[in-house]
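The block underneath contains the structure these notes are about, expressed in structure tokens.
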Amino acid sequence: MTSKAERRFRANLLEWGEENRREYPWRELNRTLYEVFVAEFFLTQTPADNVAAVYPVFLERFPTLDAIAEASEDELVEVIEPLGFQNMRAGALKQIASAHDRLPTGPEPLMELPRVGRYVANATFCFARGDRLPILDRNVERVYSRVFRDAWPEAEADQLTFTQRLMPDKARPYNLALLDFGALVCQTEPLCEQCFANEYCVYYQESTRRS
DNA sequence: AAGCCGGGGAA
DNA sequence: TTCCCAGGCTT
């Protein structure tokens, strides 16, 4: 069942996203699966602006999995060093490129690659192809747990179901908006005065009742 | 489910 | 220097 607040949130978020979407090179239309994967792989635990600085350099030097397979791990480390986690990441990319000519074409097999979890797998296929897959990171969890509080489940599997159910058919713009909203408005220190959800957000309702 | 890991950034 | 963090990984 979809509650009234859930329907409002979905509509409001989509509308907010149209005007507030952040532009990044990996969000351009017609990016290949590989190009989107590279971005999502780097975006974990790394600020988007850092990734944006390295992204074009990386794609220029390593335009395909094959280019990674042919390079040494040290060359890889050199390029991605500004991102941090360079050894872990270079090792995983080498492993991936030496085992595969091309990326698997679904989230489940993609998740079997080293250092690729649910978040990267779903984000890659949602953003590269528009697949209707739930994405769940700390931003998304913070947003939903504030807006819906008790309706937001504890267990990760249930959270995935919840986000899946809330997602409209236009999954790509919705999920992009969700990430941007978590980053720009519903931050750790939330900017409730400029938020569209004030009328039904449980967190906001509670915080105003107190004061 | 809970804790661990490697490492960046803030305190 | 310590603490906190955010994913993935391990158990």
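Below, read A as the first sequence line, B as the second, and so on, with proteins coming before strands; counting in each chain starts at 1. Small disclaimer: the values here were computed from a predicted structure and weren't measured. Basis for what follows: all heavy atoms, side chains included, without hydrogens, waters or symmetry-related copies.
Distances shorter than 4.0 Å separate some side-chain N or O of A:Asn87 from OP1 or OP2 on B:dG7.
Between A:Phe42 atom CZ and B:dG8 atom P there is a gap of 14 Å when expressed in whole angstrom units. Taking atom CG of residue A:Asp49 and atom P of nucleotide B:dG8, one finds them 18 Å apart after rounding to whole Å. Per the geometry, CZ belonging to A:Phe41 stands 10 Å off C1' belonging to C:dG8, to the nearest Å. Separating the CD atom of A:Gln45 from the P atom of B:dG9 is a distance of 12 Å, rounded to the nearest angstrom. As rounded to whole Å, 12 Å separates atom P of C:dG7 from atom CD of A:Gln159. If you take CD of A:Glu189 and P of B:dA11, they are 12 Å apart, rounded to a whole angstrom. Atom CE in A:Met88 sits roughly 17 Å away from atom P in B:dC4 (whole-Å rounding). With rounding to whole Å, A:Glu156 atom CD is found 13 Å from C:dA6 atom C1'.
A salt bridge links A:Glu6 to A:Arg165: one of the charged nitrogens lies within less than 4.0 Å of a carboxylate oxygen.
Toward the 5′ end of DNA chain C lies the nearest nucleotide of A:Phe85, the other residue of the pair A:Phe85 and A:Met111 mapping further downstream.
A salt bridge (Lys or Arg N to Asp or Glu O under 4.0 Å) with A:Arg61 holds for exactly one of A:Glu78, A:Glu75, A:Glu70; it is A:Glu75.
Applying the 6.0 Å contact sphere to CD of A:Glu19 captures no more than 12 heavy atoms from other residues, nucleotides or ligands.
Checked against the 6.0 Å centroid threshold, A:Tyr55 and A:Tyr24 do not count as a close aromatic pair.
Among the protein residues, A:Pro47 comes within range of no part of the nucleic acid, since none of its heavy atoms lies under 4.0 Å from any strand.
For A:Asn50, counting side-chain heavy atoms from C-beta on, the closest listed nucleotide (B:dG9, C:dA6, C:dG8) is B:dG9.
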